[in-house]
Visitor: 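Here you go, one structure.
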Amino acid sequence: MRWNKPHAAVLLCASAVLASAQASPGAPQPQAPFVHKKKYVMGTVFEIVAYGESVAQASEAVDLALQEVVRLDDVMSDYKAESALSRLNHSSHSRPQRVPPDLYRVIGEALQYSRLSGGKFDVTVGPLVNLWKAAIRGGQPPSPAEEEKVRACVGYQKVELLPPDRVQFHSPCTQIDLGAIGKGYALDRAAAVLRAHGLSRALLDAGGSTLVALGTPPGQAGWLVHLRDPSNRVGPAVMLSDSSVSTSEQTPPSLLSPEQAGHIIDPGSGAPERTPFTVSVVASTGTASDALSTTLLLVGPEKGKELVQTVAGVAAVWISADGRSELASSGPQILINGNAQRPAASARTDAGGLR
Amino acid sequence: MTAHANFMFMRTRILTLICLLAATPAWSRVLLRWTQPSLPPPATMVVTDLVVPWDDAALISNAHRQGYHVYAEVPAGKAAEMAGRAGNSDLAGIILNLGDSQPSQLDQELQQLRSANPSLPVLLLDPNARQPQMKGQMVIKREGVLQVTSPTAQPWVDTNLALVRLDQAFHPSQTPLYEFQWDVSDPQLQESGPAPADYALAVAEAGAFRADLVLDLNPRLQTDLAQNHPAVVAVFNQVKRYLAFASRGQKNVGKPDANVGLITDSYQKSYEPINLLARHNIPFAVLKASDLKPRSLDRFDLLVVFAAMDDPAMKALADFASKGGVVVVVDAHGPYPWQSGQPVPAGEHSVAYVTGKGRIIELQGQVIDPETFAQDIRSLLDKGQNRDELALSLWNALTVVAVSYQSPGGEKLVELVNYAEEPISVQVRIKGSFSSIRYETPERACCRPLTPTRRGAFTEFVVPSLRIAGRVHLASRKPTDHKTEVK
């Protein structure tokens, strides 16, 4: 998947309310210096709000954090011909290739989620995505023969990491696409840059699809983030503190055409995933929430709840357009219509939320 | 009344009032709104058209004395009062700001102003434009409360192309004149005002779309300019480059290229879908339903109909489809002549009828998801009879809006606006064969040659570094005036 393709990797919809230094309107306090900056990169808008000791300090740190995202785009983009990932994808597949540390690390994390999900999350699915995109542009789904040919290229088992810094493909046509994990990884690295420059209170956003919180806003228990709710009836939200949230949703159906594609492909079926749900996932890092949101959209709530229980510090909510919602947590709380849900709970709600 | 209803109400009002205007000269320029008592010399400003409060006689007199062309801005409700003071020879024109008044009241006010000032142009100002910008997900509110929203993962570009095209369609004899309010919800901007790049973007957008703009200058910036503050003057020089660049683009420009014809009879029904088509760089033209002429449809590949149709219009649409075109009828309420054929289910709420070589798709209800609608239109164009034949296509350009114009002399002009305000490289494909491609920006003199690559019926080239504004001149022969080339 390309960073800047029209159907971007994750269709996100999250909203957040960030509290300020003022705990209440009636009790004014000196406002902590903060900066707000945004940058177009990876085909979307990255934004950072950060509090610092001074505006100058915060501004410099935020600039450096955004530069880090740009640097990582030059490493992980499959759109830029000169990126490290593009060079890997177009290199000779017959022998191991040396890659930069960030690329080695993010591929390693991606393979972990592939194993965890039994292959539902798979960074080698790109050729199938491209096949479906091309086929739909032509007006027909791909033929079984075409699909079979491309599926031979797909499979995370065809990617092997050779420590400390080499990658080996075991298929001549395998390619890696980091569209479902790269933005989360970039946010984690940007947050690390902020920390290294003395900032401990910031919210970082990658196009709304993944948010990473550093600390809390001054005087607040966390960054209150409202989550995507296609029904407008469930009202999910989360208080983030040194944690992350991501949302995944399949491309909405066409208004004028019977052909339905979608940017999220099920590696198992080889076809666009059909799901009524939007899913939001809370996890400790942006890399984890980004990868898990795609994974949990693909596996659905039934298996997804079991999967959540196997990973520490994860919560997820699935919501359909008609107001059905499913909830699972191995630690973090997700608020439904303003009410906190119990940790480690798996619950099903109707449109009115848990009672 | 909701903000949306207010917005649509204003559009209806503008439509009504614009129709009352006599033909006025095309302006295509930037006018600066000035509110501070002191002024810089006009020679230092590039722009000599100022918009000042109608009742600030001292400022009007001072500005006129210094050599500015002064336009008095009258808020709705004050026209009668101003008409009573007619005869101010210091004025170059009058601008009636619609504000929140009722259409009937405005009709009267417009007549009063024109009767009292027969020698002055009286223009209506559309106050419903948006600050051009690339928006993020975070919204920072006053009192330190911050909020994030995320309707889409793609960069959300606030552009005024739809508004400009609608205004042009409903009154082709008047160049659209608009203003917008700066978004200063971010506390960082409340004191300092917009950045120079933000001013530059606003100027670039109006110039690229061939519209007139009343531009608000931050009061502190006005004062510093009047005091000739060296640092501020240096900063404003960046904006002046864009003012000069916009003014250079006004000459000898023909119609914008368009693959899609949008037939409408109201802003309310069509604004958001058109806005999303604009953001997706789908070349379009807006046609007023009551002015529909069958032959005028021939240049399009696809039509979208937002208006109720009479029998001749329905026949024109059926003829268009029978020749291979695609017609999308929004909020279709038949019966229609093409419904004698067999309907085929299309999308979730639409059916299609094969009509000759083409087809007509009826969408039940209004467009509830303009983003998906725009992508559907793009997809239909890709699959149509003239598939992959867009007049203008961009790659790596999610923050760019581009318009191509065919000049009467045969030259093609492409105006590009980058709302991200940071240099990007943009790949462009344009229909036609061009051997000379020259690129100019506000930062560089005209022109730098670009290398064309022929792809069948198209020419491709790469704009190497588009910061905010760029203009590409395309011709089928090498320019004879090599003095304009900059190596």
Side-chain angles (χ1 to χ4, degrees), chain A residues 4-22 25 28-29 31-32 34-41 43-49 55 79 136-139 183 203 205-209 211 217-218 223 225-226 228 247 251-260, chain B residues 134-141 143-156 186-189 280 326 328 330 344-350 352 361-363 365 367-369 371-380 382-383 387-388 395-399 418-422 424:
Chain A
N4 59 346
K5 64 186 181 293
H7 300 281
V10 183
L11 268 183
L12 172 353
C13 272
S15 67
V17 175
L18 300 93
S20 76
Q22 288 179 289
Q29 301 170 14
Q31 193 155 11
F34 79 94
V35 297
H36 171 212
K37 297 195 178 192
K38 60 190 174 189
K39 189 168 190 67
Y40 172 63
V41 60
T44 192
V45 182
F46 274 67
E47 283 182 279
I48 299 176
V49 167
V55 168
Y79 178 76
I136 293 300
R137 268 201 303 274
K183 287 195 286 295
L203 188 67
D205 174 20
S209 60
L211 295 99
W223 304 84
V225 178
H226 289 282
R228 163 77 169 147
T247 297
T251 307
S254 166
L255 299 172
L256 303 173
S257 169
E259 296 125 7
Q260 301 295 326
Chain B
M134 178 191 73
K135 300 185 81 166
Q137 314 298 319
M138 296 183 181
V139 178
I140 303 179
K141 292 187 171 180
E143 299 168 352
V145 176
L146 314 177
Q147 182 173 323
V148 177
T149 59
S150 177
T152 175
Q154 286 190 32
W156 186 271
D186 187 332
Q188 287 179 293
L189 295 176
H280 282 272
V326 177
V328 177
V330 175
V344 178
E348 271 194 324
H349 305 288
S350 56
I361 302 171
E362 296 179 1
L363 176 65
V367 177
I368 55 173
D369 182 352
E371 168 69 22
T372 300
F373 183 78
Q375 293 187 16
D376 284 345
I377 295 299
R378 162 82 70 179
S379 176
L380 287 170
D382 285 345
K383 295 173 198 160
R387 58 192 304 167
D388 211 17
W395 285 269
N396 189 31
L398 288 177
T399 61
N418 180 13
Y419 292 76
E421 299 179 352
E422 289 187 272
I424 59 171

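This one's a predicted model, so the numbers in the text were calculated from it and none came from an experiment. Order of the sequence lines fixes the chain letters, A, B, ..., with proteins taken first and strands second; residue numbering starts at 1 for each chain.
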Visitor: The test is side-chain contact (heavy atoms from CB on, under 4.5 Å); show your working for B:N396 and A:Y79 and say whether it passes.
Guide: CA-CA 9 Å; B:N396 189 31; A:Y79 178 76; 3.2 Å; yes
Visitor: Report which part of B:V344 has an atom under 4.5 Å of a heavy atom belonging to chain A: side chain, backbone, both, or neither.
Guide: neither
Visitor: Roughly how far apart are A:Y40 OH and B:M134 CE, rounded to 0.5 Å?
Guide: 9.0 Å
Visitor: I'd like to know if the side chain of A:K39 and the backbone of B:A420 have a donor-acceptor N/O pair within less than 3.5 Å.
Guide: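 Side chain of A:K39 to backbone of B:A420: no pair is present.
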Visitor: Name the member of B:V367, B:I368, B:T399 that forms the most heavy-atom pairs with chain A at distances under 4.5 Å.
Guide: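 Ranked by heavy-atom pairs under 4.5 Å with chain A, first place is B:T399.
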